[in-house]
Engineer: 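I'd like to ask you about the structure that follows.
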Amino acid sequence: MTDDDLDAAAQTEPRSFSRLDVAFARFLSRRTDFDPLQKQAFEAVAMTVSYEQNQGHSCIRVDDNARALLLASGQVSSDPENTLPLVIEQDRLYLHRYWNYENRLAMQIKTMIQAEANGNQPVAATELLLDRYFDATDEIDDQREAAKMAAKQSFSIITGGPGTGKTFTVVKILALLQELAEQPLHIALAAPTGKAAMRLQESIGFSKAKLPCSETIKNRIPETVSTLHRLLGAMPPSPYFRHHADKPLVHDLVVVDEASMVDLALMSKLLDALKPGARLILLGDKDQLASVESGAVLADLAMAETLQNNVYTLKKSHRFGGAIKELAEAVNLQQDQLAWQILSDGGDRALQRLDEDLIDYVAAQQADYLQLTKAGAEFERIFQAFSRFQVLCSNRQGKNSVADINYRVEQKLAEQQRIDLSGLWYPGRPVMVTQNNPALHLYNGDIGICMADKTVGIYSSTEKLMVFFLRADGSVEKYLPARVPHCETVFAMTIHKSQGSEFEEVLIALPEAINPVLTKELLYTAITRAKTRLKLVAEEAVFIATVQQKIERITGLVDKFRATAQ
């Protein structure tokens, strides 16, 4: 088949199948003994499973007729031990690799739970330590119960909305476990992205200082947080890691924050890399957006009935309240009319619909950090001022999209003579890296700011533009613009890219028409990025439709845990 044939086939399909989907289906079809009509039916199913996997589903559902056709093809197996490209399990059809990820993940967690049932019993001193770390007068009983659960489990999930104290609780759990351990535990702290790692690191350092324990115990709790890819030892451009079942991590306990962002493949590889007897604690908000790649792992695990003794949901928020919290809860529960009423009420200055020009408002919010840039302030001050406010968009293209707002804000700032657009790079340009470069320690999602960098010599001084980045450990690195991996201006970013971040003020810009990207999970995630103030640009019809639309990812993970319980 020629490239033109593949393009034509892809464009005629109702799902807008990619050329890869079509080529994959035709490749398998040529290896069957089907007649032309059977080949056409087989190719349609094969294209669909390839397409849906790229949409975030780990499998698709098939009826009895499709199942019979698939099994007759010789390219699909109901016995996963075979290495055929496709696996069928009950009414679910998988690409073999994703069946393997899902199955191994379920089996690894089952093994951890069985191990703890066979001898990892809670120590008698646990209750006394819980009483010390969690004062009942603080009205944080739910945090105490979460810690009690995690102290006696090898595998545990602590989930909850913003401000419920997930990180504060886990720091106490780490101290408690260090006190209970006969030997100091080797602990790893990780998050899916650099931004999430930086936030966790800040929170760990702040929370450690308040622990009611000795300095010795505090010193056994690490403050350095790495990305999951760095922890596992990514080996780009391959999909493999240095640490796996045959070369496991050395850590006794691994804590992963923002676990809702971890996709099926990465979570499976993390479980593979744990050494026998290691503990795993997952932290996250199960109601947020699922991972960009396949699966909805945290939500699935939190839903599985056989894991309920390993899951605790924190419900009481200690810093997130008022109208923003009410709006987030209404959106999460898909109470569309109530959510619109809360948004439109206008009684709480912390939450309002934007009633002025979008671009004028966004440009005005850049004044402080741009003034600091011109004044030659320290990068940390500039970065902090810039990070106070952020525009979040649902879409990358179209009206009120990332591309649209970034372009128009740059033009407005240039008109106001706050920036110089004579070149691509200018002092004050904020950028987000969109391509990993492990050699430079720059990763997709990292945010930097272009600034003039002065070098003072004995006889003269020079000034050139550099792009500065704040590292998770608080250090600052700078690079020549030409060395920075592919990046984009970031006065606005997508809601997906904002996961793992928090901002004092958030402005959410929704498009003028409903589209498949708009879901209640997307809107909930955007709302919960705001710490103190939230503004929203949206038409009522689009807002209501967004709240009504829910992500439904097809996976078999919950069914696999149901099967293990039978």
Engineer: So, for His229 and Phe241, is the gap between ring centers shorter than 6.0 Å?
Structural biologist: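 Yes - the distance between ring centres of His229 and Phe241 falls below the 6.0 Å cut-off.
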Engineer: If the threshold is 4.0 Å, N to carboxylate O, is there a salt bridge linking Lys208 and Glu223?
Structural biologist: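 Salt bridge flag = yes for Glu223 with Lys208.
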Engineer: side-chain hydrogen bond (donor to acceptor under 3.5 Å, both in side chains) with Lys520: which of Thr525, Asp287, Asn332?
Structural biologist: Asn332
Engineer: Minimum heavy-atom separation for Asn309 to Met149, with atom names?
Structural biologist: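 The answer is O-CG, 3.4 Å.
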Engineer: So, for Val506 and Ile508, which heavy atoms are closest and what is the spacing to 0.1 Å?
Structural biologist: CG1-CG1, 3.8 Å
Engineer: Can you confirm whether Leu282 sits close enough to Val255 that some side-chain heavy atom of one is under 4.5 Å from a side-chain heavy atom of the other?
Structural biologist: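 No. Closest side-chain heavy atoms not under 4.5 Å.
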Engineer: If we ignore hydrogens and angles and just use 3.5 Å, is the side chain of Arg132 paired with the main-chain N or O of Pro212 as donor and acceptor?
Structural biologist: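 A pair under 3.5 Å: yes.
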Engineer: Please set out all donor-acceptor pairs under 3.5 angstrom arising from side-chain atoms of residues 383-392, sequence neighbours excluded.
Structural biologist:
{"from": "Ser387", "atom 1": "OG", "to": "Phe383", "atom 2": "O", "distance (Å)": "2.8"}
{"from": "Arg388", "atom 1": "NH2", "to": "Gln365", "atom 2": "OE1", "distance (Å)": "3.1"}
{"from": "Gln390", "atom 1": "NE2", "to": "Phe491", "atom 2": "O", "distance (Å)": "3.0"}

Engineer: Do Glu505 and Lys535 pass the salt bridge (charged side-chain N to carboxylate O under 4.0 Å, His left out) test, and can you show the C-alpha distance, the side-chain angles, and the key distance before you say yes or no?
Structural biologist: CA-CA 8 Å; Glu505 179 179 348; Lys535 292 186 181 291; 5.3 Å; no
Engineer: Would Glu305 and Arg562 satisfy salt bridge (charged side-chain N to carboxylate O under 4.0 Å, His left out), going step by step from the backbone distance to the final call?
Structural biologist: CA-CA 7 Å; Glu305 290 184 13; Arg562 188 177 296 123; 5.7 Å; no
Engineer: Could you check whether any side-chain heavy atom of Ile173 comes within less than 4.5 Å of a side-chain heavy atom of Ile158, counting everything from C-beta outward?
Structural biologist: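 They are in side-chain contact.
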Engineer: Would you mind listing every ring pair (Phe, Tyr, Trp, His ring centres under 6.0 Å) that reaches into residues 188-227, with sequence neighbours excluded?
Structural biologist: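 Every pair satisfying ring pair (Phe, Tyr, Trp, His ring centres under 6.0 Å) with a residue in residues 188-227: there are none.
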Engineer: With sequence neighbours left out, write down each residue that passes side chain to side chain contact (heavy atoms under 4.5 Å, CB included) with Val402, or none if nothing qualifies.
Structural biologist: Cys393, Asn406, Thr494
Engineer: Mind listing the closest non-hydrogen atom pair of Ala190 and Leu228 along with its distance?
Structural biologist: CB-CD2, 3.9 Å
Engineer: Assess the residue pair Ile554 and Cys59 against the criterion (side chain to side chain contact (heavy atoms under 4.5 Å, CB included)); give the C-alpha distance rounded to whole Å, side-chain angles, the decisive distance to 0.1 Å, and a yes or no.
Structural biologist: CA-CA 6 Å; Ile554 303 173; Cys59 57; 3.8 Å; yes
Engineer: Quick one, Val256 and Leu270 - any side-chain contact, counting heavy atoms below 4.5 Å?
Structural biologist: yes
Engineer: Could you tell me whether a side-chain N or O of Arg529 sits under 3.5 Å from a main-chain N or O of Ser501, the two making a donor and an acceptor?
Structural biologist: yes
Engineer: Donor-acceptor check, side chain of Glu202 to backbone of Ala197, threshold 3.5 angstrom: yes or no?
Structural biologist: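 Here the side-chain-to-backbone pair does not exist.
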Engineer: Does any pair with a residue in residues 207-227 pass ring pair (Phe, Tyr, Trp, His ring centres under 6.0 Å), and if so which ones, sequence neighbours excluded?
Structural biologist: none
Engineer: Do we see a donor-acceptor contact under 3.5 Å between the side chains of Tyr524 and Asp285?
Structural biologist: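 Checked: Tyr524/Asp285 side chains pair up, N/O donor to acceptor below 3.5 Å.
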Engineer: Answer yes or no: is there a donor N or O on one side and an acceptor on the other, between the side chain of Thr159 and the main chain of Gly284, under 3.5 Å?
Structural biologist: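 Yes, because the side chain of Thr159 sits within donor-acceptor range (under 3.5 Å) of the backbone of Gly284.
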Engineer: Go through it in stages, so that I can follow the logic: the residues are Thr519 and Gln549, the test is side-chain hydrogen bond (donor to acceptor under 3.5 Å, both in side chains), and I'd like the CA-CA distance, side-chain angles, deciding distance and then a yes or no.
Structural biologist: CA-CA 5 Å; Thr519 63; Gln549 196 159 270; over 6 Å; no
Engineer: Is it possible for you to check whether Lys172 lies under 6.0 Å from the centre of the six-membered ring of Phe134, through NZ or CZ, and within 45° of that ring's axis?
Structural biologist: yes
Engineer: What residue pairs, at least two apart or across chains, pass side-chain hydrogen bond (donor to acceptor under 3.5 Å, both in side chains) with a residue in residues 259-271?
Structural biologist: none
Engineer: If you compare all heavy atoms of Ala302 against all heavy atoms of Gln308, which two are closest, and at what distance to 0.1 Å?
Structural biologist: O-NE2, 3.0 Å
Engineer: Got a sec, which pairs hit side-chain hydrogen bond (donor to acceptor under 3.5 Å, both in side chains) with one end in residues 182-191, sequence neighbours left out?
Structural biologist: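 Pairs touching residues 182-191 that pass the test: none.
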Engineer: Just by distance, no angles: are the side chains of Glu179 and Tyr133 close enough, under 3.5 Å, to form a donor-acceptor pair?
Structural biologist: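 Looking only at side-chain atoms, Tyr133 and Glu179 do form a donor-acceptor pair, the distance falling under 3.5 Å.
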Engineer: Tell me every residue that passes salt bridge (charged side-chain N to carboxylate O under 4.0 Å, His left out) with Arg61, counting only those two or more places apart in sequence or in another chain.
Structural biologist: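 Salt bridge (charged side-chain N to carboxylate O under 4.0 Å, His left out) list for Arg61, sorted by chain: Asp91, Asp559.
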Engineer: Does some side-chain heavy atom of Leu211 sit less than 4.5 Å from a side-chain heavy atom of Ile221?
Structural biologist: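 Yes, their side chains come closer than 4.5 Å.
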Engineer: Applying salt bridge (charged side-chain N to carboxylate O under 4.0 Å, His left out) to Arg144 and Asp131, what does each step give before you reach the verdict?
Structural biologist: CA-CA 8 Å; Arg144 187 184 193 279; Asp131 289 341; 2.6 Å; yes
Engineer: Without swapping roles, check the side chain of Gln178 against the backbone of Leu185 for a donor-acceptor pair under 3.5 Å.
Structural biologist: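 The answer is yes, because a donor-acceptor pair under 3.5 Å joins these two groups.
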Engineer: Can you list everything that forms a side chain to side chain contact (heavy atoms under 4.5 Å, CB included) with Ser203? Sequence neighbours excluded, please.
Structural biologist: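 Checked Ser203 against side chain to side chain contact (heavy atoms under 4.5 Å, CB included); matches are Thr167, Ser207.
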Engineer: Say whether, by atom type as modelled, one donor and one acceptor occur between the side chain of Gln143 and the main chain of Thr164 under 3.5 angstrom.
Structural biologist: yes
Engineer: Name the residue from Val558, Asp300, Ile113 that meets the side chain to side chain contact (heavy atoms under 4.5 Å, CB included) definition with Leu307.
Structural biologist: Ile113
Engineer: Between the side chain of Thr227 and the main-chain N/O of Pro192, is any donor-acceptor distance below 3.5 Å?
Structural biologist: no
Engineer: With a 4.5 Å heavy-atom cut-off, do Ile447 and Phe469 have their side chains touching?
Structural biologist: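 Answer no - side chains too far apart.
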Engineer: Can you name the residues that form a salt bridge (charged side-chain N to carboxylate O under 4.0 Å, His left out) with Glu215, not counting sequence neighbours?
Structural biologist: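 Checked Glu215 against salt bridge (charged side-chain N to carboxylate O under 4.0 Å, His left out); matches are Lys218.
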Engineer: According to side-chain hydrogen bond (donor to acceptor under 3.5 Å, both in side chains), does anything in residues 240-256 pair up with another residue at least two apart or in another chain? List the pairs.
Structural biologist: Asp252-Lys275
Engineer: Taking salt bridge (charged side-chain N to carboxylate O under 4.0 Å, His left out) as the test, write out the residues that go with Lys148, two or more places apart.
Structural biologist: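 Partners of Lys148 under the salt bridge (charged side-chain N to carboxylate O under 4.0 Å, His left out) test: Glu127.
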Engineer: Any sub-3.5 Å donor-acceptor pair from Asn437's side-chain atoms to Leu442's backbone N or O?
Structural biologist: no
Engineer: Which pair of heavy atoms, one from Ala330 and one from Ile342, lies closest together, and at what distance?
Structural biologist: CB-CD1, 4.2 Å
Engineer: Does any non-hydrogen side-chain atom of Gln499 lie less than 4.5 Å from one of Leu289?
Structural biologist: yes
Engineer: Do the side-chain N and O atoms of Thr532 and Glu504 include a donor-acceptor pair separated by under 3.5 angstrom?
Structural biologist: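 The criterion, which ignores hydrogens and geometry beyond distance, is satisfied for Glu504 and Thr532.
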Engineer: Mind checking what makes side-chain hydrogen bond (donor to acceptor under 3.5 Å, both in side chains) contact with Asn395, not counting sequence neighbours?
Structural biologist: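 So Asn395 forms a side-chain hydrogen bond (donor to acceptor under 3.5 Å, both in side chains) with Asn515.
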Engineer: Quick check: closest heavy atoms across Ser291 and Gly295, and the distance to 0.1 Å?
Structural biologist: OG-O, 3.3 Å
Engineer: Taking the side chain as every heavy atom from C-beta outward, state whether Tyr312 and Asp142 have any pair of such atoms under 4.5 Å apart.
Structural biologist: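 Yes, their side chains come closer than 4.5 Å.
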Engineer: Parallel, tilted or perpendicular: which describes the rings of Tyr101 and Tyr98, with under 30° parallel and over 60° perpendicular?
Structural biologist: perpendicular
Engineer: With the side chain counted from C-beta on, respond yes when Arg220 and Thr216 share a heavy-atom pair under 4.5 Å apart, and no when they do not.
Structural biologist: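 A side-chain contact under 4.5 Å exists here.
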Engineer: Just by modelled atom types, is the Lys531 backbone N or O under 3.5 Å from a matching donor or acceptor in the Glu502 side chain?
Structural biologist: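 Answer holds: no.
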Engineer: Output yes when a side-chain donor or acceptor of Asn103 lies under 3.5 Å from a complementary backbone atom of Asn100, and no otherwise.
Structural biologist: no
